[in-house]
Amino acid sequence: MKNRVFNTTFENMLRVLVLMSVLAKPANSDRLTALDFICIYGKKCKVLDKNLHGDNEFGFAEFTSKREKITEAIKLSVKNDYVTVGKSDEGLVYSLNDRGKEIVAGIQSLYSKAYAIGAKIVCRKFANYTDEAVLKYISKLATESKEV
């Protein structure tokens with residue numbers, strides 16, 4: 001399956017770039033992972049009115065593998081010079097640079113537009129949450145859900 005596009009590092013990178021384009025400040029990989037998950041499963045996470053990747057009973061199970069996938073996506077973003085790496089009290093943080101903004105501006109699909117709209121809502125809701133609090137929010141919902 002050479003032509004697999006769904007959930008590839010490239011797809012995750014494009015989503016992370018769109019997410020960074022709406023974030024007010026640089027973010028570490030934990031925050032990017034959590035916010036991306038909430039953007040994709042907005043309804044399941046009780047933030048948006050639908051799940052961008054559809055309704056399924058295994059959404060929370062995806063979260064465990066998401067950190068590794070987002071880390072790879074961030075590495076690809078840095079390698080391609082779309083993202084600037086900085087340091088903060090939370091460790092390494094990432095922000096979109098001008099080249100990354102050009103890439104985001106060139107992404108014109110219904111999916112990316114829906115993702116960006118959801119990302120704005122998600123980022124606004126969690127703007128005052130610490131990284132740990134966002135992760136706890138997801139963990140609490142996963143525990144309350146009937147998913148195994």
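In what follows, residues are counted from 1 in the order of the sequence shown. A quick note: this is a predicted structure, and the numbers were derived from the prediction, not measured.
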If we only count heavy atoms from C-beta on, is the [X] to [Y] side-chain gap below 4.5 Å?
X: L35; Y: L23; answer: yes
X: I121; Y: R124; answer: yes
X: T33; Y: L135; answer: no
X: Y94; Y: T84; answer: no
X: I38; Y: K125; answer: no

Shortest non-hydrogen contact from [X] toward [Y]:
X: V22; Y: A116; value: CG1-O, 4.3 Å
X: L96; Y: Y82; value: CD1-O, 3.6 Å
X: N97; Y: V83; value: ND2-N, 3.4 Å
X: N28; Y: V93; value: N-CG1, 3.9 Å
X: L32; Y: V16; value: CD1-CG1, 4.3 Å
X: L48; Y: C39; value: CD1-O, 3.9 Å

For the atom pair [atom1] ([X]) and [atom2] ([Y]), what is the distance rounded to the nearest 0.5 Å?
X: Y115; Y: S21; atom1: OH; atom2: OG; value: 9.0 Å
X: L17; Y: R99; atom1: CG; atom2: CZ; value: 10.5 Å
X: N12; Y: L19; atom1: CG; atom2: CG; value: 11.5 Å
X: K69; Y: R15; atom1: NZ; atom2: CZ; value: 9.5 Å
X: C45; Y: I138; atom1: SG; atom2: CD1; value: 5.5 Å
X: D49; Y: K43; atom1: CG; atom2: NZ; value: 8.0 Å

- Message: According to side-chain contact (heavy atoms from CB on, under 4.5 Å), who are the partners of L76, at least two apart in sequence or on a separate chain?
- Response: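 Applying side-chain contact (heavy atoms from CB on, under 4.5 Å) to L76 gives T9, M13, N80.
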- Message: For F63 and Y41, I'd like to know if the aromatic rings sit close, meaning centre-to-centre distance below 6.0 Å.
- Response: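 Centroid separation for F63 and Y41: 6.0 Å or greater.
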- Message: Salt bridge check, K66 against E62: does any charged N sit closer than 4.0 Å to a carboxylate O?
- Response: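 A salt bridge is absent here (no side-chain N lies under 4.0 Å from a carboxylate O).
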- Item | E72 with K75: basic N within carboxylate O range, under 4.0 Å |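 Counted as a salt bridge, because a side-chain N and a carboxylate O are separated by less than 4.0 Å.
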- Task: Step by step, work out the side-chain contact (heavy atoms from CB on, under 4.5 Å) result for L14 and Y111.
- Result: CA-CA 11 Å; L14 293 177; Y111 176 90; over 6 Å; no
- Task: Determine yes or no for a side-chain-to-main-chain donor-acceptor pair under 3.5 angstrom, with D131 supplying the side chain and R31 the backbone.
- Result: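 Looks like no, no N/O pair under 3.5 Å.
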- Flag, side chain of Q108 to backbone of A105, donor-acceptor distance under 3.5 Å: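 Yes.
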- Whether F37 and F60 hold their rings parallel, tilted or perpendicular, with breakpoints at 30° and 60°: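 Correct class here is tilted.
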- Only one of T71, I70, T64 forms a side chain to side chain contact (heavy atoms under 4.5 Å, CB included) with R67, so which one is it?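 Option passing the side chain to side chain contact (heavy atoms under 4.5 Å, CB included) with R67: T71.
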